[in-house]
Number of protein chains: 2
Amino acid sequence: MELSDAAREFILHWGEMGARWGVNRTVAQVHALLYLSPQALTAEEIGEALSVARSNVSTSLKELQNWNLVQVESRIGDRRDFFRTSSDVWTLFLTVVEQRVEREIVPTLEMLNRCVATARGGGSSQAVVRSRIAAMRDFLEEIHGWYCQVRKLPAPALRSLIGMGSGITRILPKAGRRRLD
Amino acid sequence: MELSDAAREFILHWGEMGARWGVNRTVAQVHALLYLSPQALTAEEIGEALSVARSNVSTSLKELQNWNLVQVESRIGDRRDFFRTSSDVWTLFLTVVEQRVEREIVPTLEMLNRCVATARGGGSSQAVVRSRIAAMRDFLEEIHGWYCQVRKLPAPALRSLIGMGSGITRILPKAGRRRLD
DNA sequence: CATTTATTTCTGTACATACAGAAATTTCTG
DNA sequence: CAGAAATTTCTGTATGTACAGAAATAAATG
């Protein structure tokens with residue numbers, strides 16, 4: 001497994017991006033490598049290509065499987081596992097979003113609702129805290145509700161929505177468009 | 001500065017969320033505190049409320065100012081700086097998105113374009129690498145293009161877009177709606 | 001201009017995470 | 001069921017980041 005210049009730059013940058021978004025650098029690199037690979041790879045091959053200990057590859061692959069980003073393939077006559085990821089970027093993107101929503105947005109909404117309830121009785125400064133937390137809750141609820149609806153759309157509809165960009169507002173009913181001009 | 005139970009839980013959770021999204025825990029906590037506060041706060045007050053050294057508060061505030069999330073207020077007859085953040089969640093959200101796009105998406109697009117160019121000449125396995133990187137580039141370009149258009153919308157239009165959820169597809173022109181049913 | 005007060009930068013330490021290698025476990029083969 | 005091969009878990013080390021306190025700088029007052 002010899003990495004080309006482009007592949008190496010891509011993988012390194014991806015690792016860096018992962019780190020900035022709270023994903024382990026090695027985990028992100030392993031995923032980037034699998035994304036670029038035409039075939040499924042063994043843990044051995046991944047470790048060699050990235051110069052990373054197999055133990056770390058193992059941990060990273062487990063993590064990626066927990067995120068539903070990597071699947072395992074078995075081959076008859078070979079006891080090794082072969083790992084692959086989707087080559088469809090939209091699939092990958094939606095998977096990550098789905099996971100982060102479940103792991104972070106949903107628990108955060110629960111926390112916010114708890115807080116709003118807790119801060120019910122209280123003085124005037126408590127009232128401000130309560131309304132601010134409630135505003136945050138409402139915001140996340142709104143985004144989350146939008147996400148829950150949109151994720152059910154078939155891929156082509158989603159694509160066409162994105163493709164329209166702000167053009168979408170041209171066909172909005174009056175109520176939504178009124179304040180535009 | 002005595003924190004209520006709700007405020008404390010909110011701030012701690014927010015710090016945890018920040019950590020998961022690549023934001024320093026203390027930075028996120030400082031911002032959460034400012035978000036809940038009815039008035040602008042001094043570095044001293046922030047440090048006291050969060051039990052954090054003033055030096056860290058200073059660093060965190062600087063970071064938040066770099067992100068355009070925190071503003072400084074001066075008061076006549078007081079030499080201290082007072083720090084505040086917007087209480088409008090949409091404003092905060094859009095600020096963060098704008099910053100992350102500039103700092104991460106745009107540079108990533110540049111990297112991807114470099115890689116696609118680099119991988120131009122090359123064998124058959126290089127062809128796969130090139131097409132995968134190009135696919136990623138196209139995806140990010142699409143999302144980024146959408147973002148660039150949508151961010152120019154006035155807040156009410158954006159709100160109504162979100163509010164519609166998947167209902168938006170009901171008024172899509174035929175081309176976008178065709179494959180829905 | 002000396003003195004006090006606020007803020008920022010610097011530096012050592014503590015803590016947490018990443019990781020390599022070893023050990024243990026599981027899976028497969030004859 | 002013994003032996004081999006692959007994988008996972010465990011453990012010590014190393015690297016990096018966070019942060020408190022000190023030092024330095026900047027701002028303001030009398």
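Predicted model only: the values in this text are computed from it and were never measured. All heavy atoms count here, side chains included; hydrogens, waters and symmetry mates do not. Throughout, a chain's letter reflects where its sequence line sits, starting with A, and its residues are numbered from 1.
- Nearest-nucleotide positions on DNA chain C place A:Ala53 closer to the 5' end than the other of A:Gly77 and A:Ala53.
- Using a 4.0 Å heavy-atom cutoff across all strands shown, B:Thr42 reaches no nucleic acid atom at all.
- Straight-line distance from the CG atom of B:Leu50 to the C1' atom of D:dA20: 15 Å, rounded to whole Å.
- For A:Asn24, a side-chain nitrogen or oxygen approaches OP1 or OP2 of C:dA18 to under 4.0 Å.
- The residue among B:Ser51 and A:Phe83 whose nearest nucleotide of DNA chain D is located toward the 5' end is A:Phe83.
- Under the Watson-Crick or G-U wobble criterion, with both distances below 3.5 Å, C:dT13 is paired with D:dA18.
- Rounded to whole Å, the distance from CZ on A:Arg54 to C1' on C:dA22 is 13 Å.
- Look at CD1 on B:Ile46: it is 15 Å from P on C:dA6, rounded to the nearest Å.
- Looking at heavy-atom distances under 4.0 Å, B:Arg25 makes no contact with the nucleic acid at all.
- Side-chain N/O atoms of B:Lys62 include none lying less than 4.0 angstrom from OP1 or OP2 on C:dT7.
- For the pair A:Arg100 and A:Trp67, the NZ or CZ position fails the cation-pi test of under 6.0 Å to the six-membered ring centre and within 45 degrees of the ring normal.
- In this structure, B:Glu44 atom CD and C:dA6 atom P are separated by 8 Å, rounded to whole Å.
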May I have the step-by-step check of side chain to side chain contact (heavy atoms under 4.5 Å, CB included) for A:Trp90 and A:Arg159, ending in yes or no? CA-CA 9 Å; A:Trp90 272 95; A:Arg159 294 293 296 272; 3.3 Å; yes
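- To the nearest angstrom, C1' of C:dT27 lies 17 Å from CD1 of A:Ile76.
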Begin from the C-alpha positions of B:Cys148 and B:His144 and carry the test side chain to side chain contact (heavy atoms under 4.5 Å, CB included) through to its verdict.
-> CA-CA 6 Å; B:Cys148 285; B:His144 183 245; 3.5 Å; yes
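- In this entry the distance linking CD of A:Glu63 with C1' of D:dT7 reads 18 Å, nearest Å.
- A donor-acceptor contact closer than 3.5 angstrom is absent between the side chains of A:Glu142 and A:Trp146.
- Remark: C1' of D:dT7 and CD of A:Gln65 are 12 Å apart, rounded to the nearest angstrom.
- Comparing A:Asp78 and A:Val52 against DNA chain C, the residue whose closest nucleotide sits nearer the 5' end is A:Val52.
- At D:dC19, none of the side-chain N or O atoms of B:Ser55 fall inside 4.0 Å of OP1 or OP2 (strictly under the cut-off).
- Counting any heavy atom pair closer than 4.0 Å across all strands shown, B:Arg79 reaches a base atom.
- In the interface, the side chain of A:Thr26 is not paired with the base of C:dA18 through any donor and acceptor atom under 3.5 Å apart.
- Between the CZ atom of B:Phe82 and the C1' atom of C:dT5 there is a distance of 13 Å, rounded to whole Å.
- A salt bridge links B:Glu73 and B:Arg84; the closest N-O separation between the charged side-chain nitrogens and carboxylate oxygens is under 4.0 Å.
- Residue A:Asn56 places at least one side-chain N or O closer than 4.0 Å to OP1 or OP2 of C:dA20.
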